[in-house]
Peer 1: 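Right, I'll just put the structure down here and ask away after.
Labels below follow one simple rule: chain letters A, B, ... track the order of the sequence lines, proteins then strands, and each chain is numbered from 1.
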Amino acid sequence: MNVVEIIQKGVAKAVEALYDHTVAPEKVNISVTRKEFTGDYTVVVFPYTKAAKKKPEDIGADLGAFMVKDIPEIQNFNVIKGFLNVEISDAYWLNFFNEAYEIPNYGFGAAKNKKVLVEFSSPNTNKPLHLGHVRNILLGWSCSQILEAAGYEVDKVQIINDRGIHICKSMLAWQKYGNGATPESTGQKGDRLVGEYYVKFSSEEKAQIAELTAKGIEKPEAPILNEAREMLLKWEANDPDTRALWSKLNDWVYQGFGETYKKLGVSFDKNYYESETYLIGKERVLEALEKGVFYKKEDGSVWIDLEDVKLDHKLVLRADGTSVYMTQDIGTAMLRYDDFQMNKLVYVVGDEQIYHFKVLFEIMKRLGASYADGLKHLSYGMVDLPTGKMKSREGTVVDADELIAEVIEEARKNSLNSGVIVELTEEEQLSVNTDIGLAALKYFILKVNPQKRMLFDPKESVDLQGHTGPYIQNACVRAKSILRKAKEENLDFSDISGYPNPEKAGTDLIAIIARYPAIIQAAAEDYDPSAVAAFCYDLAKNYHRYYHEFPILKAESEAARSFRLKLSDMVAKVLTSGMELLGIQMPEKM
RNA sequence: GGCCUUGUAGCUCAACUGGAUAGAGUCCCUGACUACGAAUCAGGAGGUUACAAGUUCGAAUCUUGUCAAGGUCACCA
């Protein structure tokens with residue numbers, strides 16, 4: 001039982017004993033005491049005025065007095081207006097600290113024996129990854145880490161949109177204008193090379209249309225578009241040459257994506273390809289049609305009626321029997337269940353698809369999927385630039401690889417005035433700057449609540465000071481630096497019993513650390529990495545302040561030194577763990 | 001037009017889900033390094049929470065209306 005639960009239970013018991021009124025302990029309103037007041041936790045007593053028939057101040061005094069007597073962990077209290085502030089005893093904090101220190105993965109939840117599948121990234125093969133994907137990827141990765149820490153068994157998947165007319169466009173343009181260019185011959189990443197031919201197709205198409213329009217033809221169609229359509233037909237007919245070309249270009253793209261994923265430090269347990277899944281939804285829909293989940297119109301198209309949940313009628317099979325996007329998603333979900341038998345399935349997809357997923361989830365429910373209640377669309381807002389929306393046509397897209405290179409360069413420039421880093425080898429410096437640059441980028445994106453649109457200014461966004469990833473890294477690096485010195489001097493700080501009444505700032509740090517397990521559970525439940533980000537910042541900030549206020553290696557007594565060293569060790573561990581959940585690495589030095 | 005998001009310091013974001021005087025960072029001022037690492041710390045300035053009503057002990061948070069920004073309402077993905 002943690003402190004919060006102890007207090008909640010205590011309040012419930014006191015209310016029952018004093019006012020003969022029952023409250024559920026988990027309903028007791030309790031929060032961390034604001035720092036301008038004394039105390040650790042605050043109980044809001046307004047809800048009990050009716051039962052007690054007293055003024056809030058008197059109720060606070062009653063409850064406080066009762067609990068100080070009844071609960072050993074509470075050593076003191078004060079009442080301000082309707083708020084009861086309770087102080088937790090040093091003995092409790094120290095005992096808690098000693099126990100938590102020994103737990104290997106402190107903060108992680110017990111195994112829930114439930115499986116979660118997280119789908120994220122899910123790129124098109126005709127464009128290199130950009131800033132929008134970066135937000136998606138970081139959210140998906142971080143949520144996976146958090147769910148795992150919370151006790152779920154997690155598998156990460158992506159679905160690659162590798163078929164359709166858009167692929168044929170790139171293929172055709174490469175065939176016509178590429179002169180056999182390869183990533184090797186051009187020195188380009190595969191995804192960029194292919195992306196260029198996709199752009200080339202568009203410009204060619206435009207030119208042809210302009211030409212035809214000039215000849216006076218109304219609403220002309222470019223011949224090159226027809227060629228692309230023919231290519232798609234060939235692809236669908238399994239034409240060997242077309243398929244070979246398709247495989248070749250796709251492989252280049254996957255290699256390119258792979259490099260970017262590696263730089264971002266993410267990986268997947270399984271990839272799904274639309275070319276392999278786009279047909280399976282149809283059979284499943286036809287099966288369910290028999291059972292009356294769907295209905296057929298006169299023209300042969302298949303629909304579902306979702307009017308009762310205000311989602312209108314939705315098409316799932318065209319009149320010619322071919323699939324639509326929804327059909328594919330139905331099939332893919334079922335395929336995934338066959339593969340993983342998951343209890344929950346999380347889709348990390350932009351918020352423009354909220355309606356689509358509402359419909360999909362309703363359909364899965366009606367199809368009787370066992371995991372229907374565990375379906376979650378983790379939607380996130382678009383990333384805006386100072387100039388407005390990112391638009392590939394206007395060339396205002398922020399490329400992922402360039403962005404990563406930029407933030408690392410920014411970290412390098414900033415590190416030049418650091419005295420420590422110049423002692424490292426060039427390779428070590430690069431590694432440190434990579435950690436710092438990526439921390440800045442990742443933290444910047446993950447600290448924002450996913451559902452909000454966010455603004456990204458390439459010039460200013462990647463700060464290294466203030467409420468940033470590097471700030472948190474710095475707190476950890478400081479602690480580790482002290483611990484290194486302590487080790488050199490062979491200081492043993494395992495026993496802190498000689499320091500029974502530590503400074504308040506010290507127990508405050510312990511109190512923050514005590515929140516970590518609950519933070520992980522809440523972040524997992526809400527699919528919200530920003531909760532973890534905020535926690536790490538809070539801990540780092542308090543440690544920075546503590547570090548300035550209290551000498552650690554040069555503490556006034558050995559007992560104080562031991563306590564502060566052990567606390568520093570714990571802070572470093574928790575920060576490393578928390579940032580790991582965000583996909584951020586902690587360097588040894590910076 | 002229907003439905004869904006969002007609107008908080010100049011800027012970027014918080015606010016423990018209805019609780020105390022709405023907090024951080026950044027920017028702008030002031031101060032602290034012959035060092036347990038200044039990518040840090042301390043202090044100052046900066047707010048009618050878009051606007052207006054309502055609900056109650058108590059509202060940035062809930063309700064309604066208005067305004068603004070965005071999304072969605074495809075036999076596209």
Side-chain angles (χ1 to χ4, degrees), chain A residues 4 29-37 42 44-47 49-50 55-56 80-83 85 122 124 161 163-166 274 278 299 301-303 310-312 315-320 322-326 328-329 350-356 358 379 381-382 384 389 411 414-415 417-420 436 440 444 447-449 451-457 460-461 463-475 477-479 481-486 515 518-519 522 526 530-531 533-534 537-538 541 544-555 561 564-565 568 589-590:
Chain A
V4 174
N29 192 333
I30 180 171
S31 56
V32 175
T33 301
R34 303 171 61 138
K35 55 174 180 258
E36 58 266 36
F37 303 105
T42 299
V44 181
V45 303
F46 286 108
T49 46
K50 270 183 194 158
K55 281 189 286 184
I80 297 169
K81 292 197 268 182
F83 301 91
N85 302 319
S122 304
N124 281 332
N161 180 356
R163 62 163 286 280
I165 188 75
H166 57 277
E274 276 196 20
Y278 81 111
D299 64 359
S301 59
V302 179
W303 297 71
K310 293 183 179 171
L311 290 172
D312 217 339
L315 176 105
V316 289
L317 278 181
R318 296 188 185 104
D320 63 5
T322 55
S323 298
V324 291
Y325 182 39
M326 191 64 73
Q328 288 184 40
D329 271 359
D351 60 10
E352 68 274 10
Q353 295 199 36
I354 288 175
Y355 175 70
H356 171 80
K358 264 190 192 168
S379 68
M382 211 166 280
D384 287 316
K389 231 169 128 168
N414 212 273
S415 71
N417 42 30
S418 156
V420 178
I436 295 171
F444 179 82
K447 77 175 177 184
V448 187
N449 189 309
Q451 78 187 98
K452 288 197 172 184
R453 280 179 91 94
M454 61 180 292
L455 187 85
F456 188 91
D457 185 339
E460 292 175 20
S461 289
D463 281 338
L464 306 170
Q465 270 105 30
H467 187 183
T468 66
Y471 174 94
I472 298 167
Q473 288 178 317
N474 187 230
V477 164
R478 282 182 140 170
S481 169
I482 291 176
L483 291 161
R484 261 199 307 276
K485 290 199 170 118
R515 297 210 304 264
I519 295 277
D526 300 339
S530 71
Y537 178 67
D538 196 25
K541 188 179 167 67
H544 272 308
R545 193 186 297 143
Y546 183 73
Y547 172 94
H548 269 268
E549 200 176 338
F550 298 95
I552 297 174
L553 285 170
K554 294 175 189 163
R561 188 180 63 195
R564 290 171 194 167
L565 280 170
S568 299
K589 298 180 179 178
M590 66 191 284

Peer 1: Would you indicate what A:Thr322 reaches in the nucleic acid, counting non-hydrogen atoms under 4.0 angstrom: base, sugar-phosphate, or nothing?
Peer 2: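 A:Thr322: no heavy atom of the nucleic acid under 4.0 Å.
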Peer 1: Regarding A:Tyr278, tell me which of base, sugar-phosphate or nothing describes its non-hydrogen contacts under 4.0 Å with the strands shown.
Peer 2: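 Counting heavy atoms under 4.0 Å across all strands, no contact is made by A:Tyr278.
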Peer 1: Among B:rA24, B:rU6, B:rA38, which nucleotide has an atom closest to any side-chain atom of A:Lys35?
Peer 2: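 Side chain of A:Lys35 sits closest to B:rA24.
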Peer 1: Starting from the 5' end of RNA chain B, give me the residue, A:Gln451 or A:Trp303, whose nearest nucleotide shows up first.
Peer 2: A:Gln451
Peer 1: Look at the side chain of A:Asp538 and the base of B:rC16, then say whether one donor and one acceptor between them are separated by less than 3.5 Å.
Peer 2: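 Per atom types, no contact qualifies.
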Peer 1: Just by distance, do the side chain of A:Arg318 and the backbone of A:Ser323 share a donor-acceptor pair under 3.5 Å?
Peer 2: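 Judged by distance alone, yes, a pair lies under 3.5 Å.
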Peer 1: Should A:Gln465 be listed as having a side-chain N or O under 4.0 Å from OP1 or OP2 of B:rG25?
Peer 2: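 So the side chain of A:Gln465 is outside the cut-off, no N or O lying under 4.0 Å from OP1 or OP2 of B:rG25.
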Peer 1: Answer yes or no: does a side-chain N or O of A:Lys554 lie under 4.0 Å from OP1 or OP2 of B:rA35?
Peer 2: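 Negative; the distance criterion is not met.
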Peer 1: Where the side chain of A:Arg34 is concerned, which of B:rG25, B:rG23, B:rA77 is the nearest nucleotide?
Peer 2: B:rG23
Peer 1: Side chain of A:Pro47 only, please: which of B:rA20, B:rA77, B:rG19 is the nearest?
Peer 2: B:rG19
Peer 1: Need one value for A:Leu317: base, sugar-phosphate or nothing, where a base atom within 4.0 Å counts as base even if backbone is also close, heavy atoms only.
Peer 2: nothing
Peer 1: The test is side-chain contact (heavy atoms from CB on, under 4.5 Å); show your working for A:Asp463 and A:Phe444 and say whether it passes.
Peer 2: CA-CA 8 Å; A:Asp463 281 338; A:Phe444 179 82; over 6 Å; no
Peer 1: Think A:Arg484 has a side-chain N or O under 4.0 angstrom from the OP1 or OP2 of B:rG37?
Peer 2: no
Peer 1: Taking atom CE of A:Met382 and atom CD of A:Glu352, what is their separation to the nearest 0.5 Å?
Peer 2: 5.0 Å
Peer 1: Do the non-hydrogen side-chain atoms of A:Arg34 and A:Thr42 ever get within less than 4.5 Å of each other?
Peer 2: no
Peer 1: Tell me what A:Gln473 touches on the nucleic acid: a base, only sugar-phosphate, or nothing, going by heavy atoms under 4.0 Å.
Peer 2: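 A:Gln473: no heavy atom of the nucleic acid under 4.0 Å.
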Peer 1: In the structure shown, which nucleotide is the Watson-Crick or G-U wobble counterpart of B:rG19, with both distances under 3.5 Å?
Peer 2: B:rC57
Peer 1: Going by purine N1 to pyrimidine N3 plus the second Watson-Crick contact, or the G-U wobble pair, all under 3.5 Å, which nucleotide sits opposite B:rA69?
Peer 2: B:rU5
Peer 1: Regarding A:Asn85, tell me which of base, sugar-phosphate or nothing describes its non-hydrogen contacts under 4.0 Å with the strands shown.
Peer 2: base
Peer 1: Taking atom P in both B:rC4 and B:rG10, what distance in whole Å separates the two?
Peer 2: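 Taking atom P in both B:rC4 and B:rG10, they lie 31 Å apart.
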Peer 1: According to the Watson-Crick and G-U wobble definitions, with both distances under 3.5 Å, which nucleotide is paired to B:rC33?
Peer 2: none
Peer 1: B:rC3 C1' sits how many Å from A:Leu311 CG, rounded?
Peer 2: 10 Å
Peer 1: Does the side-chain ring of A:Phe46 sit on the six-membered ring of the B:rG58 base, less than 5.5 Å centre to centre and under 30° in tilt?
Peer 2: no
Peer 1: Can you say whether a donor on the side chain of A:His544 sits under 3.5 Å from an acceptor on the base of B:rU40, or the other way round?
Peer 2: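 Check fails, no donor-acceptor contact within cut-off.
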Peer 1: If we take the P atom in both B:rC16 and B:rC62, what is their distance in whole Å?
Peer 2: 11 Å
Peer 1: Send over the distance from A:Leu455 CG to B:rG70 P, rounded to a whole Å.
Peer 2: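 These atoms are roughly 14 Å apart.
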Peer 1: Of the options B:rC4, B:rC75, B:rA77, whose atoms approach the side-chain atoms of A:Glu274 most closely?
Peer 2: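 Out of B:rC4, B:rC75, B:rA77, the nucleotide with an atom closest to A:Glu274's side chain is B:rA77.
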Peer 1: Under 4.0 Å, counting only non-hydrogen atoms across every strand here, what does A:Val448 touch: a base, just sugar-phosphate, or nothing?
Peer 2: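 Sugar-phosphate, no base atom in range.
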Peer 1: Looking at A:Lys452, I'd like to know whether one of its side-chain N or O atoms comes within less than 4.0 Å of OP1 or OP2 on B:rG7.
Peer 2: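 For B:rG7, OP1/OP2 do have a side-chain N/O of A:Lys452 under 4.0 Å.
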Peer 1: Between A:Tyr325 and A:His356, what is the ring plane arrangement, given parallel below 30°, perpendicular above 60°, and tilted in between?
Peer 2: parallel
Peer 1: Which nucleotide in the list B:rG37, B:rC13, B:rG25 gets nearest to the side chain of A:Met454?
Peer 2: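 Selected nucleotide: B:rC13.
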Peer 1: Rounded to whole angstroms, how far apart are CD on A:Gln328 and P on B:rA77?
Peer 2: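 It is 7 Å, rounded to the nearest whole Å.
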Peer 1: Please state how far atom CD in A:Glu549 lies from atom P in B:rC36, giving the value in whole angstrom units.
Peer 2: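 Roughly 16 Å, once rounded to whole Å.
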Peer 1: So what does A:Tyr537 touch, heavy atoms closer than 4.0 Å: a base, only the sugar-phosphate, or nothing?
Peer 2: sugar-phosphate
Peer 1: Would you say a side-chain N or O of A:Lys447 is under 4.0 Å from OP1 or OP2 of B:rG25?
Peer 2: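 Negative; the distance criterion is not met.
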Peer 1: May I ask you to say what A:Lys541 touches in the nucleic acid, namely base, sugar-phosphate or nothing, with a heavy-atom cut-off under 4.0 Å?
Peer 2: sugar-phosphate
Peer 1: When you measure from the centre of the six-membered ring of A:Tyr278, is the NZ or CZ of A:Arg163 closer than 6.0 Å and no more than 45° off the axis?
Peer 2: yes
Peer 1: For B:rU66 versus B:rG7, give the span between their C1' atoms, rounded off to a whole number of Å.
Peer 2: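 Result for the C1' pair: 14 Å, nearest Å.
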Peer 1: Select one nucleotide: of B:rU40, B:rA77, B:rU5, the one nearest the side-chain heavy atoms of A:Tyr325.
Peer 2: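 From the listed options, B:rA77 comes nearest.
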Peer 1: Within the 4.0 Å heavy-atom criterion, would you say A:Tyr471 contacts the bases, only the backbone, or no part of the nucleic acid?
Peer 2: sugar-phosphate
Peer 1: What is the base-pairing partner of B:rC27, counting Watson-Crick and G-U wobble geometry with both distances under 3.5 Å?
Peer 2: none
Peer 1: Can you figure out which of B:rA24, B:rU26, B:rC73 approaches the side chain of A:Tyr355 most closely?
Peer 2: B:rC73
Peer 1: Considering only the C1' atoms, how many Å lie between B:rU55 and B:rC13, rounded to the nearest integer?
Peer 2: 30 Å
Peer 1: Syn or anti for B:rU49, given that syn means the glycosidic angle lies within 90° of 0?
Peer 2: anti
Peer 1: Remember a base hit wins even if backbone is also touched, and classify A:His467 as base, sugar-phosphate or nothing at under 4.0 Å, heavy atoms.
Peer 2: sugar-phosphate
Peer 1: Would you tell me if any nitrogen or oxygen in the side chain of A:Lys81 comes within less than 4.0 Å of OP1 or OP2 on B:rG19?
Peer 2: no
Peer 1: Using a heavy-atom cut-off of under 4.0 Å over every strand shown, decide if A:Asn29 touches base, sugar-phosphate, or nothing.
Peer 2: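 Base, at least one base heavy atom under 4.0 Å.
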Peer 1: Looking only at N and O atoms, is any donor in the side chain of A:Ser415 or the base of B:rA39 less than 3.5 Å from an acceptor on the other one?
Peer 2: no
Peer 1: Between B:rA52 and B:rU8, how far apart are the two P atoms, rounded to whole Å?
Peer 2: 16 Å
Peer 1: Please measure how far the P atom in B:rA59 lies from the corresponding atom in B:rA68, and state the result in whole Å.
Peer 2: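 Between the two P atoms, the distance is 28 Å.
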Peer 1: Give a yes/no answer on whether the side chain of A:Thr49 brings an N or O atom under 4.0 Å of OP1 or OP2 in B:rC57.
Peer 2: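 So the side-chain polar atoms of A:Thr49 never come under 4.0 Å of the phosphate oxygens OP1 or OP2 of B:rC57.
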Peer 1: Between B:rU6, B:rA38, B:rC16, spot the one nearest the side chain of A:Ser31, thanks.
Peer 2: B:rC16
Peer 1: Is there a donor-acceptor contact under 3.5 Å from the side chain of A:Asn449 to the main chain of A:Gln451?
Peer 2: yes
Peer 1: Does A:Arg318 place a side-chain N or O at less than 4.0 Å from the phosphate oxygens OP1/OP2 of B:rC76?
Peer 2: yes
Peer 1: Does B:rA42 have OP1 or OP2 sitting under 4.0 Å from an N or O in the side chain of A:Arg545?
Peer 2: yes
Peer 1: Has A:Phe83 got its ring stacked on the base of B:rG19, with centres under 5.5 Å and planes less than 30° apart?
Peer 2: no
Peer 1: Could you check which of B:rA77, B:rU40, B:rC36 has an atom nearest any side-chain atom of A:Asn474?
Peer 2: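 That would be B:rU40.
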Peer 1: Nearest to the A:Ile482 side chain among B:rA20, B:rG37, B:rU40, which nucleotide is it?
Peer 2: B:rG37
Peer 1: Mind checking the C1' distance from B:rC28 to B:rU64? Whole angstroms is fine.
Peer 2: 42 Å
Peer 1: If I pick the P atom on B:rC51 and the same atom on B:rC11, what distance separates them, to the nearest angstrom?
Peer 2: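 Result for the P pair: 15 Å, nearest Å.
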Peer 1: For the pair made of CE in A:Met382 and P in B:rA69, what is the distance, rounded to whole Å?
Peer 2: 17 Å
Peer 1: Any side-chain to backbone donor/acceptor pair from A:Tyr355 onto A:Leu311? Under 3.5 Å, distance only.
Peer 2: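 Between the backbone of A:Leu311 and the side chain of A:Tyr355 there is a qualifying donor-acceptor contact (under 3.5 Å).
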